[in-house]
Amino acid sequence: MTAARILGLVALAALALVPVLPLGAAQEYIWHVIIQIFLWSFVGNAWSLMGRFGLVSLGHGAFLGVGAYATVLLWNFFGMTPWLGTVLAVLLTVALALVVAYPCSRFQVVGHYFGLVTLAVGEVIRLWIVAERDWTGGSLGVSLKTAGTASGWWTLQFADKRVFYYVGMAAWLFGLWVWWRVDRSMARSAMEAIGEDETAAASVGIRVTRFKMGITALSAALTALGGALLALYLAYTNPDTLSGIGVSLRIVFAVVLGGMYSLLGPFVGTALTISLSEYLRIYFGIKLIGIAETIYGLLLMIFIIFLPSGIYGSIRDALRRRLTRASGGFPVRA
Amino acid sequence: MVDPIFLLEAVVNGILLGGVLALLALGLNLIFGVIDIVWIAYVDLVTLCMYAVYFLVTLYGWPLWLAGVASIAVGALLGMLVHLLIISPILTSPPINQLLATGGLLFFIQSFATLLWSTDHRSVRVSMPTLEVGGIFVSFSRLLAFGLAILAMIALYFFLTRTYTGTAIRAVSQDREAIALMGARPQRLYLVTSAVGGAMAGVAGALLIIQYAVHPYFGGAFGPLTFMICVLGGLGNMVGAFFAAFIMAQVISVGGVLVSTEMGYVIAFVIFIVLMFARPGGIFARRG
């Protein structure tokens, strides 16, 4: 066991113990913030599966929105349990992702173009949700119909926040596991080759379209799951909070801020951005409407300019450099 | 069935909207073509220019045309500031960081405007007549905006083709390594381009404030549309962007009348995506 691994296990145990600790009057709020961090880092991880291979999507809000809305509407209108609803939502999202990804990879829509096409997809979904206001509640959003006495595991509605704390944590760990599996797989080398040079990758026999669609489907499926969980947890969904450009950009921000090429980067970035915006929101309260977001935007720009490889990434690079020097010039895996 | 006269009116309005959209797309495309960065917050600069005109007119009592001229200066200044403060430190960063830095600017401008001026919708009240031609009603302010947008684009065309600086700017967009060898300074050209792009935002701001009320999230309505137009016309391709603007404006305007405003946008974006797959390099790209 390396020191890093022990440290990781200790941190994990500490996170698992948070709901049991007596945190006083603010405990519900602290749980709420950590649950959000879990779920949004899960989404961030899903995004980084594509982002790290140069598939910079600015439309993950679309996947999030379809996942969230399908789950909520299936429950509200048909009383379908979220267990089944989420599966359908994920399948629907994967279908959408493939419809977009197939032509994108066939016709080599990459780089700026890929970003802007996905941005358009995100915007289509948001506007479509707004336009179908009879079903979706339009821009006012839609609340999850309360299950009343039927709350529990079947309806995935819990009076106790602590249950969702562990659900969120499980989702987050699952996301990390998927990321790790991709990182260790042959697909990673193939995707990296494709990210570097598609034509060259194809010439050595890598099936570009197949790999790209696979990673897109995986990323979209996980994002949809994240959207469904967020909607179930908040019991409310709205086109601006779970769809559209704002959300898509926030996901990307958090990941890039943390560092998109590392396992824990999305978590670090999400924890930082969510804590920051929560802190600013509480600090300023209802005076000076907009100042919290102003500072948030300002700090994002400063971070991007001065820490280009992300916070976690920068710290890790610095550590690695130090270890390399200590070992007399031989690179060491940190 | 929709009355054909409404449809005709929608077509005319679409053409008029296309003029202003083309102006926005040209400004953004100019910057992209030269500096190779998409300013996500470009349309939010337009919002700031609209506020500038609004306050100059209502608070300081400037005549509208003078405020409009000032708006161009404000836009040029903002463009230079964005370049000096945000873009030039990250010119060599990965493209995603550049994209996100201007995305941060978008959050910043929208919330800072909310902080300073609240979310009230503000409009410059100008009474302009509505013209009636054969049963079609066209607002004079739209016609004026269209005319001035076309003039601004012609001015940009002459600047790029007939002046030394303009020629240098076009040269950078063709080959950024070679231009440095020719003795021009890319950094200075980037700054000039940002100023010109910003000035275009200023013109657009002045033309939009006489038609729409401004609020901090105004950019949200036109921003994505402007990106779509640029991509559709081919990023960096000025002529393409010009025609793409009219196509998209037409779809939105007619679709809005036939179905609903939101569906007009949805249809436009779907058409955009389909066209992207048919011609990934933009509708006017030469097949290589």
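Below, chain A is the first sequence line, B the second, and so on; all start at residue 1. This one's a predicted model, so the numbers in the text were calculated from it and none came from an experiment.
In terms of heavy-atom pairs under 4.5 Å with chain A, the best-connected choice from B:P224, B:S93, B:P89 is B:P224. In terms of heavy-atom pairs under 4.5 Å with chain A, the best-connected choice from B:V38, B:L105, B:T114, B:V259 is B:L105. Of the residues considered (B:N97, B:D36, B:I90), B:N97 shows the highest number of contacts with chain A, using heavy-atom pairs under 4.5 Å. Counting heavy-atom pairs closer than 4.5 Å to chain B, the top residue among A:L300, A:L127, A:V100, A:L257 is A:L127. Contact count against chain B (heavy-atom pairs under 4.5 Å) is highest for A:L298 among A:V56, A:L299, A:L249, A:L298. Each of A:T294, A:V117, A:I291, A:I305 has some count of heavy-atom pairs under 4.5 Å with chain B, and the biggest count is that of A:T294.
When heavy atoms are compared at a cutoff of 4.5 Å, B:L85 approaches chain A solely by way of its backbone atoms N, CA, C and O. Looking at A:L58, the atoms closer than 4.5 Å to chain B (heavy atoms on both sides) all sit in the side chain, from C-beta outward. For A:I245, the part lying near chain B is the side chain, with the backbone staying farther off; criterion is any non-hydrogen pair under 4.5 Å.
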task = Kindly indicate, with the supporting measurements, whether the criterion side chain to side chain contact (heavy atoms under 4.5 Å, CB included) is fulfilled by B:M263 and A:W128.
result = CA-CA 7 Å; B:M263 284 316 270; A:W128 188 55; 4.2 Å; yes

ask   = Passes side chain to side chain contact (heavy atoms under 4.5 Å, CB included), A:L119 versus B:M228? Steps please.
value = CA-CA 9 Å; A:L119 191 125; B:M228 302 314 120; 3.7 Å; yes

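Shortest non-hydrogen contact noted between B:I86 and A:M301 is CD1-SD, 3.5 Å.
The environment of CD in A:E196 is sparse: at most 12 heavy-atom neighbours from other residues, nucleotides or ligands sit within 6.0 Å. Annotation for A:Y102: atom OH does not count as buried by contact number, only 12 or fewer foreign heavy atoms lying within 6.0 Å.
Put simply, the side chain of B:L100 reaches to within 4.5 Å of the side chain of A:V252, judged on heavy atoms.
Note: A:Y296 and B:F107 have perpendicular aromatic rings, judged against thresholds of 30 and 60 degrees for the angle between ring planes.
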